[in-house]
S.K.: 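Here you go, one structure.
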Amino acid sequence: MLSIDHVFQRLSASPFRQRFHLGSKEYLYCQNKGPEDVSQHAADFVASRLAPAEPQNDGKQTPMRGHPVFIAQHATGTCCRGCLEKWHNIPAHTKMSKIQQDYTVTIIMHWLNIEMQRPTPAAKQRKPKQKKPASGDESQQLNLL
C-alpha cells in the first residue's frame, strides 16, 4: 500500500484513469446519500467483490457505471485484484486484510471527495428516437422526382 498523495500522483499520469468523472446522476446520488452511506457502500463492494483471494469474475467484477463507487474504483485502480496489485501494491491471490480493505475505501472516498468539489455535471440530453418506417420497402425507395 502506498501513500494517498503518491497514488494520486501516479494515477494522474494515466490517460485511462483520468477519463473517469461522475455524471450528473452519480453526483446527485452522492449529494443525496451523503459520505457515510456512500462509504458504507464502498466498504460493502470491497468486502464482497475484492477482498476474497480469488474474487468471482476477477478483472470484470466492477461495472463501468451505475454507482459512483464503481466509477471511483476504475478511476483509482481499485476495480480488480490486478489493478490493486499494480497501483497499490496489494498482492493478488491472497485475501485482503481489514487494513487493506479500509485503505481501498479511503482511496475511493478520497477520489469521490475530489469529484464532489467540481461543479455539478450537466445532465445528458437524450436524443429523441426516430420512428422507423413500417415496412422495409419504404426505407429503400428512392424519390427521383
Side-chain angles (χ1 to χ4, degrees), residues 1-140:
M1 295 183 304
L2 305 168
S3 75
I4 290 176
D5 292 336
H6 181 71
V7 168
F8 278 84
Q9 182 181 10
R10 287 181 59 222
L11 290 168
S12 70
S14 169
F16 176 75
R17 303 291 169 193
Q18 288 299 302
R19 74 179 190 162
F20 291 97
H21 294 285
L22 295 179
S24 59
K25 289 180 182 178
E26 295 86 11
Y27 190 95
L28 292 174
Y29 183 90
C30 286
Q31 278 187 325
N32 292 334
K33 292 293 184 182
E36 296 81 19
D37 282 353
V38 176
S39 179
Q40 185 59 54
H41 295 166
D44 293 344
F45 291 147
V46 168
S48 64
R49 295 170 180 250
L50 292 174
E54 301 295 334
Q56 185 177 3
N57 298 322
D58 193 26
K60 297 177 182 164
Q61 73 267 45
T62 305
M64 297 293 269
R65 59 182 161 264
H67 196 286
V69 170
F70 296 154
I71 297 167
Q73 285 182 270
H74 289 290
T76 60
T78 58
C79 47
C80 68
R81 294 305 297 270
C83 289
L84 278 167
E85 186 169 48
K86 174 183 177 179
W87 292 98
H88 305 279
N89 293 338
I90 296 175
H93 311 293
T94 58
K95 185 177 179 187
M96 289 175 69
S97 70
K98 177 73 168 125
I99 292 170
Q100 291 169 329
Q101 291 179 52
D102 291 345
Y103 163 86
T104 303
V105 172
T106 299
I107 294 291
I108 291 167
M109 292 306 295
H110 183 77
W111 184 87
L112 286 170
N113 186 50
I114 292 169
E115 281 293 297
M116 293 305 292
Q117 304 310 308
R118 296 167 42 118
T120 306
K124 290 185 179 180
Q125 297 292 327
R126 291 187 163 213
K127 294 179 184 176
K129 290 186 178 183
Q130 295 180 355
K131 292 184 179 180
K132 294 182 181 179
S135 68
D137 295 334
E138 292 176 19
S139 65
Q140 295 180 6

S.K.: Just how far is it from atom CD1 of Ile90 to atom CD of Gln100, taken to the nearest 0.5 Å?
M.R.: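 Going from CD1 on Ile90 over to CD on Gln100, the span is 5.0 Å.
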
S.K.: Restricting to salt bridge (charged side-chain N to carboxylate O under 4.0 Å, His left out), what partner residues turn up for Lys95, sequence neighbours left out?
M.R.: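 With neighbours one apart ignored, the set is empty.
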
S.K.: Under the salt bridge (charged side-chain N to carboxylate O under 4.0 Å, His left out) rule, collect the residues that match up with Arg19, sequence neighbours excluded.
M.R.: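 Applying salt bridge (charged side-chain N to carboxylate O under 4.0 Å, His left out) to Arg19 gives none.
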
S.K.: Kindly write out the residues that satisfy ring pair (Phe, Tyr, Trp, His ring centres under 6.0 Å) with Tyr103, not counting sequence neighbours, or none if the list is empty.
M.R.: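 Partners of Tyr103 by the ring pair (Phe, Tyr, Trp, His ring centres under 6.0 Å) criterion, ordered by chain and then number, come out as His88.
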
S.K.: side-chain hydrogen bond (donor to acceptor under 3.5 Å, both in side chains) with Thr78: which residues, sequence neighbours excluded?
M.R.: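 Applying side-chain hydrogen bond (donor to acceptor under 3.5 Å, both in side chains) to Thr78 gives Thr76.
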
S.K.: Would a 4.5 Å heavy-atom cut-off, applied to side chains only, mark Val46 and Met96 as touching?
M.R.: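 Yes; the side chains approach each other to less than 4.5 Å.
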
S.K.: From His21 NE2 over to Ile71 CD1, what is the distance, rounded to the nearest 0.5 angstrom?
M.R.: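 If I round to the nearest 0.5 Å, the distance is 11.0 Å.
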
S.K.: Quick check, are the ring centers of His67 and Tyr29 under 6.0 angstrom apart?
M.R.: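 Ring-ring flag for His67/Tyr29: true, centres closer than 6.0 Å.
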
S.K.: How would you list all residue pairs meeting side chain to side chain donor-acceptor pair (under 3.5 Å) that involve residues 1-18, not counting sequence neighbours?
M.R.: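 Not a single pair qualifies under side chain to side chain donor-acceptor pair (under 3.5 Å).
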
S.K.: Which atoms form the tightest heavy-atom contact between Arg118 and Tyr27, and what is the distance?
M.R.: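 Scanning both residues completely, I find the closest heavy atoms to be O-OH, 2.9 Å.
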
S.K.: Parallel, tilted or perpendicular, judged at 30° and 60°: which one describes the rings of His41 and Phe45?
M.R.: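 Aromatic pair His41/Phe45 classed tilted.
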
S.K.: Got a sec, which pairs hit side chain to side chain donor-acceptor pair (under 3.5 Å) with one end in residues 45-56, sequence neighbours left out?
M.R.: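 Listed by first then second residue: Glu54-His93.
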
